[in-house]
Amino acid sequence: MKIHRVQTTPFTDQKPGTSGLRKKVSVMRTPHYLENFVQAVFDARPDLHGGTLVLGGDGRYYNREAIQVILRMAVANGVSRVLLGRGGILSTPAASCLIRKYRTQGGIILSASHNPGGPDEDFGIKFNTPNGGPAPERVTEAIHARACELEHYRIAEMPEVDIDRLGRIQVGPMTVSIVDPVDDYAELMQSLFDFDRMRALFTEGRFSMRFDAMQAVTGPYARRILEEMLGAPKGTVVRADPLPDFGGGHPDPNLVHAQDLVQAMAAPDGPDFGAASDGDGDRNMILGRNFFVTPSDSLAVLAANAHRVPGYARGIAGIARSMPTSRAADRVARALGVEAFETPTGWKFFGNLLDAGRVTLCGEESFGTGSDHVREKDGLWAVLFWLDLLAARRESVEAIVRDHWRRFGRDFYTRHDYEGLQEDGARALMQALRRRLDTLPGQRLGDYTVTHADDFAYTDPVDGSQARGQGIRLLFGDTARLVFRLSGTGTSGATLRVYAERFEADAARHGDTAQTALEPLLAVAREVADIPGHTGREAPDVVT
Ligand code: G16
């Protein structure tokens, strides 16, 4: 087998964002671009030489071509075994599961998550470390540094590998083991949840569910587990076939992009339980009949009920949430007497806490929930957790959440996204806020008085690593909070995220909608950040 050493010019824009490198397909297809990044991964992770690499992606446009390139480069870089999902398919949590279960030296996951797919849309690539989690910043920085200085990459000359047949293929000195993408993941789910109890829900026939796979990677996982293993009627999983362009949709499980599901759940005879997941299967949205569970509440409810689910019946060690996620989970942690952590946005920041056994459950407002069973957020896991809870409590989704609010109080919560902004304007907005951090405390803004203002910084309690500039926080006493940050996952322009929350202990006031309860606070946000002035926008593009 011939190994070529191909000359390349460094690409300085290969800096991974919140979760890996995400670019337009056209950029990824620039000659040597993908190869440059992959070589940087191999160079930054010498353990892969002679080691095992997990490989797979969410099946989006360019997935199959990229898999072939990475296989050729893996041989050339001395990888001894690649564990590949059949057809190049692995959901992000399933990839994490494989990396951990087979104690590999890491994995390459091809996905741009909830971003649209297709020739003119997005592609992504990220490296996960042997703990199964997204590479921490010191690793992504090493990969980026290497990508900026590379002069050559190594690639083998070989025929295409048939990635659609299960089994082992020998490619020169390297073995490619093509595995069923669902098997190991399904087995892990069985070890955590009470499958008999959930099956009874369906077989008794008084319960109905709709799972929207959004024509993305979770379809095969949900079909196998919900319909084949748990006996949910065929058709429970809709839009179940993964498509390279996600059917032209935006595979983001939220109230805007999963409209069909939201409407189905609003019908008088709609299903009892609705759920959706995203492009690569790590996000989730939870709905009851005509009832939306915010991701922040979902984390808090799961934590408060974890003792009812077999995998967590022994109790949880602690709970972590990303900073912009509401503080609902902190109240549960306090009640349980366990530690609560507030980390920057990005699942990678949970890794050390999970590895150290300090936390069991983690969650983010961006429709991400997970636990120590893998090191990624896990969409279907969250859905199964809820399903097991519904089976255990035999109450509706809405009843469970309202009961939770009565016990712990309600954290009204919303996020407003202003998308496709001019980068200069968005940066200027953040800079202007930053300049006022010292003078804002004590000021009265609308109905609220600022008690604390900062640019969130985090010191990892396990290894002491630091992250700065993670979002502007304006605190208004213990009850209300505004957060401003720029998204780190977009591929063009800038996205401003404004997060608003307000705590309400009085159950008599829990009936308001989040938008009504938070409008005065959102008015403060518009004004204090001068959103119209900096962005030219009067209203957000997406409200969740
Ligand atoms: C990624 C990260 C999450 C983060 C989300 C949004 O999710 O893994 O931790 O919360 O992006 O990030 P941002 O607000 O910077 O756009 P995913 O599902 O895209 O991998």
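For ligands, and for the atoms within them, numbers begin at 1 and follow the listed sequence. These numbers were taken from a predicted model, which means no experiment stands behind them.
Within a 6.0 Å sphere centred on CD of E527, other residues, nucleotides and ligands contribute 12 heavy atoms or fewer. Within a 6.0 Å radius of CD in Q422, other residues, nucleotides and ligands contribute 12 heavy atoms or fewer.
A donor-acceptor pair shorter than 3.5 Å cannot be found between the side chains of D245 and Q215. In summary, the side chains of S298 and W386 do present a donor paired with an acceptor at a separation below 3.5 Å, with no hydrogens or angles considered. A donor-acceptor pair shorter than 3.5 Å cannot be found between the side chains of E365 and S326. Counting only N and O atoms by type, the side chains of D278 and S113 include a donor and acceptor under 3.5 Å apart.
D455 and R473 are not joined by a salt bridge, as no carboxylate oxygen comes within less than 4.0 angstrom of a charged side-chain nitrogen. Contact check on K377 versus D282 returns a salt bridge, with a Lys/Arg side-chain nitrogen under 4.0 Å from an Asp/Glu carboxylate oxygen.
Annotation: atom 2 (C) of ligand 1 to nearest protein heavy atom, K377 NZ, 3.6 Å. Atom 11 (O) of ligand 1 has its closest protein heavy atom at T489 CG2, 3.3 Å. Considering only non-hydrogen protein atoms, atom 3 (C) of ligand 1 sits nearest to E364 OE1, 3.1 Å. The closest protein non-hydrogen atom to atom 15 (O) of ligand 1 is G488 N, 2.6 Å. Given atom 10 (O) of ligand 1, the protein heavy atom at minimum distance is S366 OG, 2.7 Å.
Atoms of ligand 1 found under 4.0 Å from any heavy atom of S19, numbered from 1 in the order shown, are 1 (C), 2 (C), 8 (O), 20 (O). Listed by atom number, the atoms of ligand 1 under 4.0 Å from R497 heavy atoms are 13 (P), 14 (O), 16 (O). Close contacts between ligand 1 and S113 involve ligand atoms 17 (P), 18 (O), 19 (O), 20 (O) [criterion: under 4.0 Å to a heavy atom]. For ligand 1, the atoms sitting less than 4.0 Å from at least one non-hydrogen atom of T345 are 4 (C), 10 (O), 12 (O), numbered in the order shown with element in parentheses.
Each of R481, R327, R331 was compared with D411 under the salt bridge (Lys or Arg N to Asp or Glu O under 4.0 Å) criterion, and only R331 meets it.
Between atom 20 (O) of ligand 1 and the options H114, R22, R283, the minimum heavy-atom separation is to R22.
In this structure, R485 has a heavy atom closer than 4.0 Å to ligand 1. Using a 4.0 Å cutoff on heavy atoms, K126 does not count as a contact of ligand 1. At a 4.0 Å cut-off, at least one heavy atom of G346 sits close enough to ligand 1 to count as contact.
By the 30° and 60° cut-offs, the orientation of the rings of Y312 relative to W381 is perpendicular.
Within the 4.0 Å heavy-atom criterion, neither part of T495 lies near ligand 1.
Checked against a 3.5 angstrom limit, the closest N/O atoms of S487 and ligand 1 fall inside it.
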